[in-house]
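Below: the structure, in structure tokens.
Chain letters run A, B, ... following the sequence lines, proteins first and then strands; every chain starts at 1.
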Protein chains: 2
Amino acid sequence: MKAGPDIAMIASLVGDPARSNMLTALMTGRALTASELAQEAGITPQTASSHLSKLEAGGLIEPEKQGRHRYYRLTGPDVAGVLEGLAGLAARAGHMRVRTGPKDPALRRARICYDHLAGDLGVQMLDSMKRQKLVRAGKQAIELTGEGKRFMAESLQIDTDSLSHPRRPVCKACLDWSERRHHLAGTLGAAMMARFTELKWAARDEAPGSRVVNFTRTGEKRFAALFGNGEA
Amino acid sequence: MKAGPDIAMIASLVGDPARSNMLTALMTGRALTASELAQEAGITPQTASSHLSKLEAGGLIEPEKQGRHRYYRLTGPDVAGVLEGLAGLAARAGHMRVRTGPKDPALRRARICYDHLAGDLGVQMLDSMKRQKLVRAGKQAIELTGEGKRFMAESLQIDTDSLSHPRRPVCKACLDWSERRHHLAGTLGAAMMARFTELKWAARDEAPGSRVVNFTRTGEKRFAALFGNGEA
DNA sequence: TTCATAGTTCGATGATAGCCGAAGCATTGG
DNA sequence: CCAATGCTTCGGCTATCATCGAACTATGAA
């Protein structure tokens, strides 16, 4: 009865270091080629190919052929959500990968979590939104208030009525692994991050696979004006 | 390379079928003993012990010693959340799994835990005793109040002064197998159960090895009068 | 005390699965 | 056509790890 492939099947897919490296590389939301993923995982293309077909069979990633290349991306935000959840558990247990690079502080400050803002600034933003009563945080769900809708329209030119999605909530609390607190996910979180990019307040790091988000000087100011934490 | 939580470490823990069976068994919120988890996973106790220590080291479960038993539970709702997320991904990929059948309802309602009452009624009894201030529940210990002593003498003809025992506390909170909450153990718990039997309010099931406790109709009424939870 | 039960540790075994070298398709460009 | 690139398949090697038998510790019961 329990021999069937269940959550162990999926978890074992993520449980291999090479595969988990590929998956975390895909958490930026961008699609990467098989070779790039192989390099990301530190393995040969042959081995990577085997891993990628397994991940595809497990429904975690999906391919898109483009000429000689084969681009892979996560099949959906829910996959990224589970990965982020696993990262949270790992962080809580103190199982960090010890390789600390120069990008580490930047990664903690602001990074992409699939398609929305995470890190210190992401947590700060949600905190501020709660303080300003732009969102109402219930036990599980987060809800946008009327004031929040006005705020989004006036300050960020985001039409919140167009954010409804059949398989994804507008607001969602996503556990931040570095801060161990929640930041804002969902279609609103994604839309806000996209707006930040459009406004040239912030941009993803150019390095391929990097999840770091760099804020411009003016972007940081505007962001602080809207979502500052009131500290000196 | 990259810095970050080692999600492969956590995922590989869940990735083993035996361990994932244990974890899903714990997702009900109940705490289970090592043997029960072994049976749930269909493995020997030796193997289960190895798995359990790994899960504990990974911060996914935590033990609670209770006499000869060792109860394990998930360390928090976030663990259950990640497991649920993984189950969602597995379901989406078409990897469904057959759920295990429900346990004996009578066993859940009332049973013997060593020598005292456990199950729904056992938990209900301790709850009611707290509400009526018959006992004072501290962080770890439970203490009988003066009012509690009077109650025991008048309503159940139990001389609480004679319950002292060199190696056993009078009152003790015991984690309930099915309710995942505490019921009353200790010499008082044993004395109360013995009294219920004497008064023919309840009797142990005749089937050998059965832990089920059957309440008589009048016994149930009297019990409810003393320890009813106020519901209709 | 002696016995029984719950759980752990140790050691050996066996199967799974990651890994890479070499060769095989497929696509693009000349 | 041929050559180069991106990726996959095949075969064999190796290491990891789940598994269980046996022995050991600890708690409770008689």
Open item on the list: At under 4.0 Å between heavy atoms, how does the protein contact nucleotides 17-30 of chain C? Give one character per nucleotide, 5' to 3', with B, S or -.
Closed with: -SSBBB----BB--
Open item on the list: Under a 3.5 Å distance rule, please check whether A/Ser12 uses its side chain to pair with a backbone N or O of A/Gly15 as donor and acceptor.
Closed with: no
Task: Spacing of A/Glu36 atom CD relative to D/dT5 atom P, expressed in whole Å - done: 17 Å
Open item on the list: Heavy atoms only, 4.0 Å cut-off, all strands: where does B/Ser53 land among base, sugar-phosphate and nothing?
Closed with: nothing
Task: Residue-phosphate contact under 4.0 Å: A/Arg70 side-chain N/O, D/dT8 OP1/OP2 - done: yes
Open item on the list: Using a 4.0 Å heavy-atom cut-off, does A/Tyr72 contact any base of the nucleic acid, only the sugar-phosphate backbone, or nothing at all?
Closed with: sugar-phosphate
Open item on the list: Taking ring-ring contact (aromatic ring centres under 6.0 Å, His included) as the definition, give me every residue that meets it alongside B/Phe223, ordered by chain and number, with sequence neighbours left out.
Closed with: B/Phe196, B/Phe215, B/Phe227
Task: Salt-bridge criterion met for B/Glu147 and B/Arg136 (N-O under 4.0 Å) - done: no
TODO: Please state how far atom CG in B/Leu13 lies from atom P in D/dC17, giving the value in whole angstrom units.
DONE: 11 Å
TODO: May I have the distance from B/Leu52 (atom CG) to D/dA18 (atom C1'), rounded to whole angstrom?
DONE: 14 Å
Open item on the list: Using the salt bridge (charged side-chain N to carboxylate O under 4.0 Å, His left out) criterion, which residues pair with A/Asp115? Sequence neighbours excluded.
Closed with: A/Arg168
Task: NZ/NE/NH1/NH2 to OD/OE distance under 4.0 Å, B/Glu220 and B/Lys200 - done: no
Task: Test applied, salt bridge (Lys or Arg N to Asp or Glu O under 4.0 Å); reference residue, B/Arg70; option that passes from B/Glu64, B/Glu56, B/Glu36 - done: B/Glu56
